[in-house]
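Have a look at the structure below, then the notes.
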Amino acid sequence: MSLLELQDVTASYGQGRVLHGISLSLAEHGATGILGANGAGKTTTLRAISGTVRTTGRILFDGRDISGLGPDRTARLGIAHVPEGRGTMAQLTVRDNLLVGAYQRRDRRQIATDVDYCLDLFPQLQARTGSPAAALSGGEQQMLAVARAFMAKPRLMLLDEASLGLAPSTARTVYDAIRRLRSETGLSMLVVEQNAVLAFSLVDDVTVLETGRVTVEGTASELMGMDSVRRAYLGG
Amino acid sequence: MSYFVQLVVDGLATGSVYGALALAIVLVNRSTGMINFSQGALAVLSTFVAYAVVQAGAPLLLGLLVAVAFAVVLGAFVERVVVRRFEGGDANTAVVATIGLLVLVSGIAGAIWSYDPRPFPSLFPNATLGLGGVFVSVRSIGTTVVIVAVMVLLQLLFRFTKLGLAMRAVADNPSSAALSGLPVSRLLMIGWGIAAGLGAVAGVLVAPQLFISPTMLDFTLVYALAAAILGGLDSPLGAVVAGWFIGVVENLAGAYVDVIGNDLKIAVPFAAMIVILALRPQGLFGRRTVVRV
């Protein structure tokens with residue numbers, strides 16, 4: 001059984017419908033990338049899953065229909081959404097941000113171990129644990145956002161444009177760490193990314209969205225073999 | 001010299017009351033990011049509840065407990081029913097809504113208990129201690145001790161507890177807090193509830209001195225807002241210290257500077273506030289907001 005399954009999901013902001021009935025599924029421990037142009041509905045797909053936009057259709061997580069649950073409830077079920085724009089708590093310190101991520105957990109000792117793991121995963125944060133998140137560089141904030149999501153010990157991580165606004169080398173550093181996180185923890189991931197090269201380096205499967213509909217899906221290597229995908233997303 | 005010390009001591013006592021209401025304002029700001037102008041009115045209504053309990057023949061301490069419980073529920077109710085409609089929207093709209101609440105809640109208290117000031121019993125014995133020519137009432141000492149204790153508890157709550165961390169996170173970034181599984185709406189209600197309970201304590205402490213009436217805390221609220229801003233809106237310690245500062249400066253200026261006298265002395269703390277904020281925009285104890293993009 002798949003961990004996450006979207007069945008004919010639509011989503012709208014007010015009167016404007018953004019998703020026109022998309023279906024996709026993600027296996028436990030799997031990682032799927034969502035590609036598409038601006039406005040294709042990538043971010044909205046993630047928001048539909050975490051419950052921050054109004055939807056119709058069925059969204060099954062671990063066999064349970066979670067559509068209509070708010071973001072705090074989906075988070076407690078094990079879905080960690082790293083939103084576009086990072087969404088760190090600006091005035092809270094790096095350490096406090098991580099502890100907020102672990103808010104729903106009771107296993108105090110393991111939380112301390114996981115904080116250490118995050119600092120090992122993102123060594124750039126080690127010297128900054130006492131600084132407010134707002135004082136971090138863009139790359140460090142993105143690392144903190146991923147780390148905070150991981151602190152919830154989720155089963156599924158939704159990653160939205162983790163490379164946005166970062167220098168290419170910084171974006172690579174962030175993705176290297178996310179790849180390590182995936183291989184060491186087996187965390188399932190749904191990854192929205194404009195930078196297809198980075199996305200392909202992380203995921204097994206890819207879904208392409210165009211104006212709110214799924215147009216292509218397959219394994220990463222299948223899609224890399226398609227001329228249309230290479231032209232559109234990989235620069236030839 | 002003893003006259004000077006007397007003025008300072010009296011100023012500290014008045015300042016403690018400003019600080020108490022300022023603490024409630026800081027609490028709401030820290031847990032929801034808003035400024036609640038109805039804080040004083042909610043406190044007065046709760047103090048009237050204590051008054052009603054005492055009128056019914058119960059001891060004041062019971063009245064205080066009932067008032068605090070009432071205030072916690074009232075604060076949470078107001079957040080849930082009124083303020084929530086304005087959260088996440090324009091901050092100015094929310095502020096005006098709390099001013100509307102101020103008028104409404106005062107009006108309710110006035111309709112039930114009329115606007116005539118009434119005497120209110122004190123939690124502390126009506127005695128005065130003399131020390132080296134300086135006299136200080138037991139009530140002032142008691143008020144100050146209670147306020148300092150509440151301030152310390154609030155600092156501990158925010159600094160060292162999970163609830164405090166969650167409240168800070170919600171105030172900072174509610175949508176991200178929700179994505180981390182925090183029950184945002186419940187935390188907002190808790191923040192307003194605790195703040196209103198604190199306001200009830202302030203009201204019961206100050207009512208014996210001011211006499212209870214629906215407008216009892218109107219002036220106090222202005223000073224408390226000044227104290228909260230001056231101390232730094234996110235700092236309980238700052239609220240209390242700034243409350244004391246305002247109480248003392250007001251008293252000293254009124255006594256020593258002839259042109260100021262009794263009528264103008266209320267303006268002095270505000271002049272001081274403007275000067276201090278020009279030099280230190282984050283307030284005396286506030287943390288500077290840094291943003292890197």
Side-chain angles (χ1 to χ4, degrees), chain A residues 46-47 49-52 69-93 95-106 108 111 131-141 144-145 147-154 157-158 160 165, chain B residues 26-34 80 84 87-89 91 155-191 232-236 238 281-283 285-293:
Chain A
L46 299 190
R47 297 190 58 188
I49 297 164
S50 64
T52 45
L69 298 184
D72 53 332
R73 310 233 346 242
T74 56
R76 268 173 263 153
L77 289 174
I79 298 176
H81 186 162
V82 182
E84 191 176 10
R86 299 153 197 154
T88 49
M89 326 263 166
Q91 302 309 319
L92 269 57
T93 63
R95 180 171 292 280
D96 281 349
N97 267 275
L98 295 177
L99 294 178
V100 168
Y103 176 77
Q104 40 182 333
R105 295 171 55 185
R106 301 276 174 272
R108 275 183 143 180
I111 290 175
S131 316
L136 303 180
S137 70
E140 289 163 342
Q141 287 187 22
L144 178 59
R148 186 173 54 108
F150 169 72
M151 286 303 297
K153 269 290 161 79
M157 187 179 276
L158 310 174
D160 198 350
Chain B
V26 164
L27 182 62
V28 164
N29 185 267
R30 246 183 119 161
S31 54
T32 68
M34 281 178 56
R80 180 73 186 80
R84 181 155 310 174
E87 275 157 8
Q155 274 304 17
L156 295 176
L157 170 77
F158 280 122
R159 206 51 74 80
F160 297 109
T161 71
K162 202 169 169 179
L163 176 65
L165 175 65
M167 288 165 80
R168 283 190 286 139
V170 168
D172 191 302
N173 192 334
S175 51
S176 284
L179 290 178
S180 285
L182 275 64
V184 173
S185 46
R186 203 178 324 150
L187 286 164
L188 292 174
M189 281 172 70
I190 293 173
L233 261 173
D234 58 358
S235 165
Q282 70 271 36
F285 294 83
R287 256 184 309 171
R288 203 142 58 108
T289 307
V290 280
V291 178
R292 255 176 89 166
V293 280

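Chain letters run A, B, ... following the sequence lines, proteins first and then strands; every chain starts at 1.
A donor-acceptor contact shorter than 3.5 Å links the side chain of N173(B) to the backbone of T88(A).
Residue S176(B) forms a side-chain contact (heavy atoms from CB on, under 4.5 Å) with just one option from R86(A), M89(A), H81(A), and that option is M89(A).
Taking CD1 from I79(A) and CG from L179(B), the interatomic distance works out to 11.0 Å, rounded to the nearest 0.5 Å. R168(B) contributes atom CZ, which lies 11.0 Å from atom CD of Q91(A) (distance to the nearest 0.5 angstrom). One distance of note links OG of S180(B) with CZ of R148(A); it measures 4.0 Å at 0.5 Å rounding.
Other residues, nucleotides and ligands contribute at most 12 non-hydrogen atoms within 6.0 Å of the CZ atom of R73(A). Within a 6.0 Å radius of CZ in R105(A), more than 12 heavy atoms belonging to other residues, nucleotides or ligands are found.
Interface residue A177(B): backbone and side-chain heavy atoms are both found under 4.5 Å from chain A. Contact annotation for D172(B): only side-chain heavy atoms (C-beta onward) come within less than 4.5 Å of a heavy atom of chain A.
Using a 4.5 Å heavy-atom threshold, the side chains of D72(A) and V184(B) count as separate.
Taking each heavy atom of Y103(A) and A166(B) in turn, the nearest pair found is CE1-CB, 3.5 Å. A75(A) approaches A178(B) most closely through the heavy-atom pair CB-O, 4.0 Å.
Residues passing the side chain to side chain contact (heavy atoms under 4.5 Å, CB included) test with S185(B), sequence neighbours excluded: R84(B).
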